[in-house]
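To start, the structure itself, in structure tokens.
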Amino acid sequence: QVQLVESGGGLVQAGGSLRLSCAASGRSFSNYGMGWFRQAPGKEREFVAAISRRGTSTYYLDSLKGRFTISRDNAKNTLYLQMNSLKPEDTAVYYCAANFDITRNWREYDYWGQGTQVTVSS
């Protein structure tokens, strides 16, 4: 199993930046593709970004390309999400997730963190 713990969320003004981290423990982090998802109140969980096991391939929700960057440091067992030019509509709980194969479908991920709240004020 893999245990995941997110951090880095908070309150930020529109146009600001945040960097989320996801610390992994348990089985080898580098064996898993990783994803970030978010869920706003009353909405379904939404794919944000994903990264391959070695970090050589990344995938994004089209509307987030250019503002969000996913990365990972396998030596530190940590996944990151750099979020720039934040907008109020980015407000959500952000989750990291692990799966052997990366996919945009949240239902296919095996392991989840508890989530971290991101609130963007206008």
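- Under the side chain to side chain contact (heavy atoms under 4.5 Å, CB included) criterion, Ala23 pairs with no residue at all, not counting sequence neighbours.
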May I have the step-by-step check of side chain to side chain contact (heavy atoms under 4.5 Å, CB included) for Val118 and Leu20, ending in yes or no? CA-CA 9 Å; Val118 171; Leu20 305 183; 4.0 Å; yes
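- For the salt bridge (charged side-chain N to carboxylate O under 4.0 Å, His left out) criterion with Arg38, the lone passing option out of Glu6, Glu46, Glu89 is Glu46.
- Applying the ring pair (Phe, Tyr, Trp, His ring centres under 6.0 Å) rule to pairs touching residues 83-108 yields nothing, sequence neighbours excluded.
- To the nearest 0.5 Å, atom OG of residue Ser52 and atom CG of residue Asp101 are 11.0 Å apart.
- Identified under the ring pair (Phe, Tyr, Trp, His ring centres under 6.0 Å) test for residues 33-83, with sequence neighbours left out: Phe37-Phe47, Phe37-Tyr109, Phe37-Trp112.
- Within the 3.5 Å criterion, the main-chain N or O of Ser30 finds no donor-acceptor partner in the side chain of Arg53.
- For the pair Asp110 and Gln1, the minimum side-chain heavy-atom distance is 4.5 Å or more.
- In this view, Arg54 satisfies the salt bridge (Lys or Arg N to Asp or Glu O under 4.0 Å) rule with no residue, not counting sequence neighbours.
- Contact annotation: the side chain of Arg67 approaches that of Asp90 to within less than 4.5 Å [non-hydrogen atoms, C-beta and beyond].
- Evaluation of the side chain to side chain contact (heavy atoms under 4.5 Å, CB included) rule for Ala98 yields Leu4, Tyr32, Met34, Tyr111 as partners, not counting sequence neighbours.
- Residues Lys65 and Asp62 are paired through a salt bridge, judged by an N-O separation under 4.0 Å between the basic side chain and the carboxylate.
- A donor-acceptor pair under 3.5 Å links the side-chain atoms of Asp73 to the main chain of Lys76, judged by distance alone.
- The line from CG of Asn77 to SG of Cys22 is 10.5 Å long, rounded to the nearest 0.5 Å.
- Between the NZ atom of Lys87 and the OG atom of Ser63 there is a distance of 8.0 Å, given to the nearest 0.5 Å.
- Counting heavy atoms from C-beta outward, Val93 and Thr116 have side chains that stay 4.5 Å or more apart.
- With salt bridges taken as basic N to acidic carboxylate O contacts below 4.0 Å, one links Arg107 and Glu44.
- At a threshold of 4.5 Å between non-hydrogen side-chain atoms, the residues Leu64 and Val48 count as touching.
- A pairwise comparison of heavy atoms in Pro88 and Ala14 identifies CD-CB, 4.1 Å as the closest pair.
- Here the side chains of Thr119 and Val12 are not in contact, with every heavy-atom distance at 4.5 Å or above.
- Residues Leu79 and Phe29 are in side-chain contact: their nearest non-hydrogen atoms beyond the backbone lie under 4.5 Å apart.
- Interatomic distance, Thr69 OG1 to Ile51 CD1, rounded to the nearest 0.5 Å: 10.0 Å.
- Sorted by first and then second residue, the side-chain hydrogen bond (donor to acceptor under 3.5 Å, both in side chains) pairs with a member in residues 9-23 read Ser17-Asn84; sequence neighbours excluded.
- Shortest non-hydrogen contact noted between Val2 and Ala24 is CG1-CB, 4.2 Å.
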